[in-house]
There are 2 protein chains.
Amino acid sequence: MEGDTRETIREVALELFSTRGFEQTSLREIAERVGLTKASLYYHFPSKQALLTAIIDPVIEGWRTVAIDVKNLPNTPQNIREVLRRTMDVLLANQSVAAIMLRDPAGVVAAIGPIWEDLVDTSKRLTTWIAGPDPTTTQRLRAVAAMEILGGALTSVTYLDEPAPEDEVRTVLLESAIAVLRLED
Amino acid sequence: MEGDTRETIREVALELFSTRGFEQTSLREIAERVGLTKASLYYHFPSKQALLTAIIDPVIEGWRTVAIDVKNLPNTPQNIREVLRRTMDVLLANQSVAAIMLRDPAGVVAAIGPIWEDLVDTSKRLTTWIAGPDPTTTQRLRAVAAMEILGGALTSVTYLDEPAPEDEVRTVLLESAIAVLRLED
DNA sequence: GTCTATAAGAGGATAGAC
DNA sequence: GTCTATCCTCTTATAGAC
């Protein structure tokens with residue numbers, strides 16, 4: 001069950017990009033781990049940049065879907081909860097890809113600037129929606145705080161001695177985000 | 001008022017490292033902006049790495065101070081508030097340096113691994129203290145969430161259309177962190 | 001202190017045989 | 001599809017004149 005070489009390359013690259021960073025990973029290293037030469041990688045991907053986008057693009061798509069769906073959704077407490085939940089799900093379902101952007105934003109920007117801008121834009125739209133209609137600065141900042149908390153799903157691993165069960169991470173962080181937004185008022 | 005060349009180099013490097021990332025900034029670029037040649041930089045700093053540590057070290061020191069002072073501080077609600085406040089102050093007082101670590105963690109790790117580990121360790125101790133004595137996993141996660149919120153002081157600029165006044169950023173994010181910790185219980 | 005010149009090497013990428 | 005060999009560029013860093 002050798003599977004697709006292209007797929008293997010993508011998996012190895014994902015592993016290395018997410019742990020060492022994009023810039024810090026050379027094609028030589030990837031080729032070595034896959035058991036190929038650098039040159040062979042170029043048969044499957046036309047450039048290092050293309051390899052990165054092949055990894056990131058599908059996730060961007062899912063991320064953008066969350067933001068698009070929100071467009072005409074009434075900003076009710078129930079809906080906000082639901083959107084936070086879905087945002088968290090996307091993060092948890094794509095931890096490795098998210099880790100690339102967390103560990104080496106500068107490298108990713110240098111490689112695929114426009115895609116990164118798009119990502120920031122999507123996050124911005126999501127944050128703005130969460131802040132509610134005609135938000136005060138305070139409400140905007142609370143929305144930023146809420147989004148920041150969700151990111152804790154990725155960083156908690158680093159800051160806890162023993163990793164927390166994913167279910168609890170999801171529950172506690174969602175609760176926390178909701179608490180920050182003061183949805184009960 | 002030409003000032004110290006060494007200091008100028010440090011300032012230019014800080015500016016570039018914090019906006020483009022450490023790896024993405026070459027000594028050629030720095031030299032160009034300072035108005036020197038690459039070779040001259042080496043008269044003032046023995047290596048690119050040394051330039052980075054000259055920038056980061058003082059801040060690490062301040063950061064560590066917060067964590068050390070906490071060591072024998074009783075974990076009362078009042079003290080937790082105070083520690084959060086001081087943590088926020090350190091972040092706000094060193095936004096550019098913090099931005100380096102935010103934009104290019106992978107590059108910083110590759111250059112000065114041990115110092116980075118130290119930083120993570122310090123943050124970990126701080127988070128653990130905030131979580132309180134014999135914390136449950138939920139309490140630990142809330143502490144992570146609280147720390148994550150403070151980081152919003154750095155990212156809010158990216159996610160808000162118009163930058164929020166620093167005073168309000170401080171106040172709202174501190175309130176949010178406290179809300180997450182449920183100090184009122 | 002700052003310069004010119006250059007070393008030494010790694011990186012991404014291509015050509016062309018098999 | 002994978003290889004060997006090579007190109008080109010850029011980087012950090014050093015040597016030594018001024």
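Values reported hereafter were calculated over all heavy atoms of this structure, with side chains retained and with hydrogens, waters and symmetry mates removed. Within every chain, numbering begins at 1; the chains are lettered A, B, ... in the order of the sequence lines, protein sequences first and strands thereafter. Keep in mind that this is a model prediction, so the values were computed, not measured.
- To the nearest angstrom, P of C:dG9 lies 19 Å from NZ of B:K48.
- Phosphate contact (OP1/OP2 of D:dT2, side-chain N/O of A:Y43, threshold under 4.0 Å): absent.
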*For A:D118 and A:R64, what are the C-alpha separation, side-chain angles and deciding distance, and is it a salt bridge (charged side-chain N to carboxylate O under 4.0 Å, His left out)?*
CA-CA 9 Å; A:D118 192 73; A:R64 198 191 276 138; 2.7 Å; yes

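- The nearest whole Å value for the distance from the CG atom in A:L41 to the P atom in C:dG11 is 13 Å.
- Remark: C1' of C:dA10 and CD of A:E32 are 14 Å apart, rounded to the nearest angstrom.
- Using modelled atom types, one finds no donor on one side chain facing an acceptor on the other under 3.5 Å when comparing A:T8 with A:T5.
- Residue A:T5 has a polar side-chain atom (N or O) positioned under 4.0 Å from OP1 or OP2 of D:dT2.
- Side-chain contact check for B:V108 versus B:L119: every heavy-atom pair is 4.5 Å or farther apart.
- Atoms NE2 (A:H44) and C1' (D:dC3) sit 12 Å apart, rounded to a whole Å.
- Evaluation of the salt bridge (Lys or Arg N to Asp or Glu O under 4.0 Å) test over residues 31-51 of chain A, restricted to residues two or more places apart or in two chains, returns A:R28-A:E32.
- If you take CG of A:L52 and P of C:dG12, they are 12 Å apart, rounded to a whole angstrom.
- Counting heavy atoms from C-beta outward, B:I130 and B:N75 have side chains that stay 4.5 Å or more apart.
- Rounded to an integer number of Å, the gap from OH of B:Y42 to P of C:dC3 is 15 Å.
- In the set C:dG1, C:dA13, D:dA13, the nucleotide with an atom closest to the side chain of B:K38 is D:dA13.
- Between the C1' atom of C:dG1 and the CZ atom of B:F45 lies a distance of 14 Å, rounded to the nearest Å.
- Shown for residues 104-113 of chain B: no residue has heavy atoms falling under 4.0 angstrom of DNA chain C.
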*Kindly indicate, with the supporting measurements, whether the criterion side-chain hydrogen bond (donor to acceptor under 3.5 Å, both in side chains) is fulfilled by B:S96 and B:E15.*
CA-CA 7 Å; B:S96 298; B:E15 158 79 11; over 6 Å; no

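- Distance from the side chain of A:A39 is smallest for C:dA15 among the nucleotides C:dA13, D:dT2, C:dA15.
- Looking only at side-chain heavy atoms (C-beta outward), A:L73 and A:W129 come within less than 4.5 Å of each other.
- Interatomic distance, B:L174 CG to B:T171 OG1, rounded to the nearest 0.5 Å: 7.0 Å.
- Of the residues in residues 10-29 of chain A, not one comes within less than 4.0 Å of DNA chain D through any heavy atom.
- With a 4.5 Å cut-off on side-chain heavy atoms, A:F17 and A:D104 do not count as touching.
- Between A:S40 and D:dC3 there is a side-chain polar atom (N or O) within less than 4.0 angstrom of OP1 or OP2.
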